Visitor: 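Here it is, the structure in full.
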There are 2 protein chains.
Amino acid sequence: MDAQLKRGLLDVCVLAAIKNEDSYGYKIIKDLSEYIKLSESTLYTILKRLEGGGMLTVRSAEHFGRLRKYYHITKSGINRIEEFKSEWKEIISIYEFVTKEDNNE
Amino acid sequence: MDAQLKRGLLDVCVLAAIKNEDSYGYKIIKDLSEYIKLSESTLYTILKRLEGGGMLTVRSAEHFGRLRKYYHITKSGINRIEEFKSEWKEIISIYEFVTKEDNNE
DNA sequence: AATATATACTTCGTGATATGATGTATTATG
DNA sequence: CATAATACATCATATCACGAAGTATATATT
């Protein structure tokens, strides 16, 4: 997928990945990979940004001796997803504009 | 609209704006404003980038004493729009992932 | 036993890019 | 005669995705 197009979708994908149950970095990448690929560096950057923006909270947990950071969505994070749904109407109209065939030839 | 989301759509919107007939900066902004807002600095940056990528060609013309640069889409530019149409399927599946309600509560 | 792979998180540098601010110049409007 | 509209250009800035490289443990393979 086009890199620029991806940018607008990543944040919201990550939020969607933790929407129904808390998750952690590695799992988020796996869960999203079906829809959108992202590297670890990208993910952790996004998670930090979303945390800074109050969209999620973090909790560290020991899992078989390995550290895990579980991410939990907040009210703001859920609002962000709702915002995306609203924006979707605009995106659809843009799609229609871009793809409409004009018969003035 | 979310700034990041916009990024992925701008290039293709500009191409769509000159798809059916050559156009120039100011007119492109006006024509697109119904769907997506962009400043002059943004537009000219994009036009230069698209020109550099061979997506369009430029021709200067005098219009009532004022300079106008007319932009003409190339085969590559048209291909770029077609690419966007292909990517659309992925975007739809992402949208569905993000918005699907999960009943594990 | 040694090696490779999977899991898991972190930091750094780079390149791409949208945008506001600012500038130049002409024409139309009030 | 001043203001708005038309028209293009440049610069500095902030945001951001990503590859590369690093640290560390557990499991599978040879």
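To find a chain, count down the sequence lines: A is the first, B the second, and so on, and within it residues start at 1. It should be emphasised that the depicted structure is a prediction, and the values quoted were computed from it without experimental measurement.
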Visitor: Given atom CZ of B:R68 and atom C1' of C:dT27, what is their separation to the nearest angstrom?
Guide: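 It works out to 12 Å between those atoms.
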Visitor: Is there a residue in residues 24-34 of chain B whose heavy atoms reach under 4.0 Å of DNA chain C, and which residues are they?
Guide: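 Listed by number, there are none.
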Visitor: Answer whether the closest heavy-atom distance between the side chains of A:R80 and A:E83 falls below 4.5 Å.
Guide: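 Yes, at least one pair of side-chain atoms sits under 4.5 Å.
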Visitor: Measure from CD on B:E51 to C1' on D:dC8 and round the result to the nearest Å.
Guide: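 Going from CD in B:E51 over to C1' in D:dC8 covers 13 Å.
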Visitor: Would you please name every residue forming a salt bridge (Lys or Arg N to Asp or Glu O under 4.0 Å) with A:E87, sequence neighbours left out?
Guide: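 In terms of salt bridge (Lys or Arg N to Asp or Glu O under 4.0 Å), with neighbours along the sequence ignored, A:E87 is linked to no residue.
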Visitor: Round to a whole Å and report the spacing from CE of B:M1 to P of C:dT19.
Guide: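 Atom-to-atom, B:M1 to C:dT19, this comes out as 11 Å.
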Visitor: Could you give all pairs that pass the side chain to side chain donor-acceptor pair (under 3.5 Å) test and reach residues 91-100 of chain B, with sequence neighbours left out?
Guide: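 Residue pairs passing side chain to side chain donor-acceptor pair (under 3.5 Å), neighbours aside: none found.
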Visitor: Mark yes or no for whether B:T74, through its side chain, and B:M55, through its backbone, hold a donor-acceptor pair below 3.5 Å.
Guide: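 Yes, the answer is positive, given that a donor and an acceptor are paired below the 3.5 Å cut-off.
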Visitor: Which of these passes side-chain contact (heavy atoms from CB on, under 4.5 Å) with B:L15: B:I81, B:I78, B:N79?
Guide: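 Looking at B:I81, B:I78, B:N79, the match for B:L15 under the side-chain contact (heavy atoms from CB on, under 4.5 Å) is B:I81.
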Visitor: In terms of side-chain geometry, is the basic nitrogen of B:K48 or B:E51 positioned less than 4.0 Å from the acidic oxygen of its partner?
Guide: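 A salt bridge is absent here (no side-chain N lies under 4.0 Å from a carboxylate O).
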Visitor: Please write out each protein N/O paired with an N/O of nucleotides 24-26 of chain C under 3.5 Å, distance rounded to 0.1 Å.
Guide:
{"from": "C:dT26", "atom 1": "O2", "to": "B:R66", "atom 2": "NH1", "distance (Å)": "3.3"}

Visitor: Which pairs would a plain distance check flag for residues 2-13 of chain B, meaning a side-chain donor or acceptor within less than 3.5 Å of a matching protein atom at least two apart in sequence or in another chain?
Guide:
{"from": "B:D2", "atom 1": "OD2", "to": "B:Q4", "atom 2": "N", "distance (Å)": "3.3"}
{"from": "B:D2", "atom 1": "OD2", "to": "B:L5", "atom 2": "N", "distance (Å)": "3.0"}
{"from": "B:Q4", "atom 1": "OE1", "to": "A:R7", "atom 2": "NE", "distance (Å)": "3.1"}
{"from": "B:K6", "atom 1": "NZ", "to": "B:K37", "atom 2": "O", "distance (Å)": "2.5"}
{"from": "B:R7", "atom 1": "NE", "to": "A:Q4", "atom 2": "OE1", "distance (Å)": "3.1"}
{"from": "B:D11", "atom 1": "OD1", "to": "B:R49", "atom 2": "NH2", "distance (Å)": "2.7"}

Visitor: Going by heavy atoms in the side chains, are B:Y26 and B:E40 under 4.5 Å from each other?
Guide: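 Of all side-chain heavy-atom pairs linking B:E40 with B:Y26, at least one is under 4.5 Å.
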Visitor: Does some side-chain heavy atom of B:L38 sit less than 4.5 Å from a side-chain heavy atom of B:I46?
Guide: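 Side chain of B:I46 against side chain of B:L38, heavy atoms only: contact under 4.5 Å found.
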Visitor: What are the two closest non-hydrogen atoms of B:G54 and B:S76, and how far apart are they?
Guide: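 Where B:G54 meets B:S76 most closely, the heavy atoms are O-CB, 3.5 Å.
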Visitor: Please give, in whole Å, the distance from C:dT17 C1' to B:L5 CG?
Guide: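 Rounded to the whole Å, the gap is 15 Å.
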Visitor: What one-letter contact string describes nucleotides 9-19 of chain D from 5' to 3', where B marks a base within less than 4.0 Å of any protein heavy atom, S marks contact via sugar-phosphate atoms alone, and - marks no contact?
Guide: SB----BBSBB
